[in-house]
Amino acid sequence: MTTMAEETAVRENGATGATGVRGREARAPEASGAPAREPEGVRESESRASRESDIRRHELAAFLRHRREHLTPEQVGLPRGRRRRTPGLRREEVAHLSAVGVTWYTWLEQARDIQVSVQVLDALARTLMLDQNERAHLFQLAGAVDPTPASRCPTITPALLQTLEQLEPLPACIQNSRYDILAYNRTYGRLLCDLDEVPAEDRNCMVLITTNEQWRSSIVLLDESIRLMAAKFRASMAGHLADPAWKMLLKRLRAESGQFREVWERHEVVGSRSKTKFFDNRYVGRLTLVHTDLWLGPGEGPRMITYAPVDEESRERLEKLHAVAVERG
């Protein structure tokens, strides 16, 4: 009686096998060390991953159906009509509003094993009017990373917001390793530009330093700052090469800034460190400040950034800047 490995070897090498013989002598390849089957642990791991994937697809399907059935046509700007029997929205209505195929969306609700892009997930989240927690749940079930920075971050606790406020008149903010500005105090909000006027999706230091003229004009050593920030961004991105949010940000920077494209091609890499920075603030003039990163976790992820004055003149000007920020709200 032949083993499965022997039968496979016979099929692959012809009727007589690789050695030109049949039967028991065809076991020579196995005896020489060729693996006959996958290790038990590999099969168990693959089986567990398959089960988990199947469970997530069914959870995603149920979640989409529930949200679709609990939205009224009026909520999404559609007429109800007289013959509507389906509770909530129809599948074809969700597909149309999300600009995806009806068949494809039906397969998604049927828990079919299909790939779904972050762009489609974003469209579905908007169509189904998901709140922040529901949107995060959708992306997690789909095994994807939300490319849109959330307006609120679980890292930003009330205690951290209070700390930012207590640091005034020192400028301070909280950023992630992608340079998204997650929170900031009033002094920081007036340090480089009027940050409250910047759309939330543009509150990223790499975007601002390459595209926002008010921000750029406030930095004394602009070219050096862009070069160092791009080098830090490259170092941080090494751990997020497959992350859609990182890839979309890089694509945007390369498309919108020739200066960024030029420094990016240098392939420079630097780590984080404290440094002295010089700013020409539109309200109080030149400021000389020491930049310090205070990490909020064990890895180089979210961090609190503070700017302390190096001399009395800068300290007095920070106090004036804080007064301006308080006055202007």
Quiz item: Would Ser53 and Arg57 count as having a side-chain donor-acceptor pair, cut-off 3.5 Å?
Solution: yes

Exercise. Check the side chains of Asp223 and Gln259 for a donor-acceptor pair under 3.5 angstrom, ignoring hydrogens and angles.
Key: yes

Tell me, please, which residues at least two apart from [X] pass ring pair (Phe, Tyr, Trp, His ring centres under 6.0 Å).
X	value
His96	none
Trp246	Phe233, His240
His58	none

Would you say [X]'s side chain and [Y]'s backbone share a donor-acceptor pair under 3.5 angstrom?
X	Y	answer
Arg186	His322	no
Arg135	Leu130	no
Arg91	Tyr105	no
Asn204	Arg178	yes
Ser218	Leu192	yes
Ser98	Thr127	no
Arg261	Arg254	yes

Output the distance between atom [atom1] ([X]) and atom [atom2] ([Y]), rounded to the nearest 0.5 Å.
X	Y	atom1	atom2	answer
Asp280	Arg286	CG	CZ	4.0 Å
Lys275	Thr292	NZ	OG1	8.5 Å
Leu208	Cys193	CG	SG	6.0 Å

Enumerate donor-acceptor pairs with a distance under 3.5 Å from any side-chain N or O in residues 225-232 to protein atoms, sequence neighbours excluded.
unit_1 : atom_1 : unit_2 : atom_2 : d
Ser225 : OG     : Leu221 : O      : 2.8
Arg227 : NH1    : Glu268 : OE1    : 3.4

Self-check item: Sequence-distant partners of Glu134, side-chain hydrogen bond (donor to acceptor under 3.5 Å, both in side chains), two or more places apart
Solution: none

Quiz item: Within a radius of less than 6.0 Å around CD of Glu327, do more than 12 heavy atoms belonging to other residues, nucleotides or ligands occur?
Solution: no

Exercise. Decide if atom CD of Gln162 counts as having more than 12 heavy atoms of other residues, nucleotides or ligands within a radius under 6.0 Å.
Key: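 It does not: Gln162 CD has 12 such atoms or fewer within range.
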
Practice problem: Take the angle between the ring planes of Tyr184 and Tyr188 and call it parallel below 30°, perpendicular above 60°, tilted in between. | Solution: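 If you compare the ring of Tyr184 with that of Tyr188, the planes turn out tilted.
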
If I compare all heavy atoms of [X] with all of [Y], which pair ends up nearest, and what's the gap?
X	Y	result
Leu167	Asn185	CB-ND2, 4.4 Å
Met237	Leu250	CE-CD2, 3.8 Å
Ile156	Ala183	CG2-CB, 4.0 Å
Ala95	Val102	CB-CA, 3.8 Å
Val269	Arg234	CG2-CD, 3.9 Å
Thr211	Val207	OG1-O, 2.6 Å

Quiz item: Any ion pair linking Asp194 and Arg190 (charged N to carboxylate O, less than 4.0 Å)?
Solution: yes

Quiz item: Which residue pairs pass the salt bridge (Lys or Arg N to Asp or Glu O under 4.0 Å) test with at least one member in residues 203-215, sequence neighbours excluded?
Solution: Glu213-Arg216

